[in-house]
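Right, one structure below, let's go through it.
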Amino acid sequence: MTDKTRWGILGTGSIAHLFANGLKSAADAELIAVGSRSQGAADKFADEFNVPNRHSSYADLANDPQVDAIYVSTPHPFHKENALLCLQAGKAVLGEKPFAMNAREGEMMIELAHTRQIFLMEAMWTRFLPAIVKVRELLAEGVIGEVRMLNADFGFRTEFNPKGRLFDPTLGGGALLDVGVYPVSLASMIFGEPTRIVSMADLGQTGIDEQSAIIFGYGQGQLALLSSAVRTNTPQEAVLNGTRGQIRIHTPWWRASRLTLSINGQADQQIDVPYEGNGYNYEAEEVGRCLRAGQTESAVMPHAETLSILRTMDRIRAQWLLKYPME
């Protein structure tokens, strides 16, 4: 490892552009390679971000000797095969969420990483933002007492397009895997894996979840009330309610820069927690830190929790009888 993590990006879609822009604000990162399914797409992306190594196949990117870590940014159903390709080539992997289509796929990816002793992490970028780091600090200090309830949502309105990614079952369409994973992951960060799940979804014309409501129950009676949607705008806010007070993560909570801390009997306290760049830089910096420390996983987004989140989403979809064609 050099002082800077030398990154490659697998895929050239919108999320790849966000990550590439994020790397500009990461002090310990350098984008040196991109891989696409065509030379034209690779060149276009590389020209935009001044990337020297331009590969016309994912395999060529995976085998680029100058690359330390690869960000997998392809559509949901391809995360497993793309991550396995990179791990087999000995590259550290940051895999875009959802980490995999289901827990079985996630287990395959993590098993190979363990066997090869190679770094692998789910790209739940929100977890590394200063606002969410601050939330973890406040919870660890017990500022609001015992956390009893979480309310969190992530929904947006998009026009129906049966051929679009969000509505196509063959591409893992639906709200849960695309944006529902954010509140599910937040609940996991706070409470762990739920013991009980009650949920309901509206399955649209193409059979995917256009909106849903989910309740998680936990061993000590805690509750998480979550919702997600691709056809309905929602507040995109998260509120943690404890025995001594409340933490409100302001909208949009998944890239928040402000919290409100309310302690029973005291005036509300506004906490500004701005982030640098577009926020994707923080997960990249975590990868670099782990690599320099010789770690194969992140304590902030560990493998066991990623698998727990996948199991939870599998349980939710089972309640809806929603199974993707590739499963």
Next item on the list: Please check if any side-chain donor atom of Q246 sits under 3.5 Å from a side-chain acceptor atom of N241, or the reverse.
Entry: yes
Margin query: Closer than 4.0 angstrom, basic N to acidic O: yes or no for D272 and R258?
Written below: yes
Item checked: Closest non-hydrogen atom pair, M124 against M301 -> CB-SD, 3.8 Å
Next item on the list: State, to 0.1 Å, how close L223 and F191 come at their nearest heavy-atom pair, and which atoms those are.
Entry: O-CE1, 3.8 Å
Notebook entry, point to check: Does a salt bridge link R127 with E305, judged by any charged N lying under 4.0 Å from a carboxylate O?
Noted result: yes
Next item on the list: Using only heavy-atom distances, determine whether the side chains of Q270 and T260 contain a donor-acceptor pair under 3.5 Å.
Entry: yes
Notebook entry, point to check: Hey, are R289 and E286 close enough for a salt bridge, meaning a charged N less than 4.0 Å from a carboxylate O?
Noted result: yes
Next item on the list: Anything under 30° is parallel, anything over 60° is perpendicular, the rest tilted; go ahead and classify F160 against F167.
Entry: perpendicular
Item checked: R317 bridged to E327 by N-O distance under 4.0 Å -> yes
Next item on the list: Determine, for D28 against R292, whether the closest basic-nitrogen to carboxylate-oxygen distance falls under 4.0 angstrom.
Entry: yes
Item checked: Side-chain H-bond candidate by donor/acceptor type, S199 with Q319, under 3.5 Å -> yes
Margin query: Does this structure show an ion pair linking D178 with R165, if we count only N-O contacts that are shorter than 4.0 Å?
Written below: yes
Next item on the list: Would you check if there is a donor-acceptor pair between the side chains of H17 and E48 at a distance under 3.5 Å?
Entry: yes
Item checked: Side chains of P235 and D153 in contact at under 4.5 Å (non-hydrogen atoms) -> yes
Checklist line | Closest contact, heavy atoms only, L307 versus A103 | finding: CD2-O, 3.9 Å
Next item on the list: Please report the closest heavy-atom contact between G173 and Y324, naming both atoms and the distance.
Entry: O-OH, 2.7 Å
Next item on the list: List the steps, then state whether side-chain hydrogen bond (donor to acceptor under 3.5 Å, both in side chains) holds for S57 with D60.
Entry: CA-CA 5 Å; S57 75; D60 286 347; 3.3 Å; yes
Check: Are any of the side-chain nitrogens in D68 or K4 under 4.0 Å away from the carboxylate oxygens of its partner?
Finding: no
Next item on the list: Could you tell me whether the side chains of E96 and S73 share a donor-acceptor contact shorter than 3.5 Å?
Entry: no
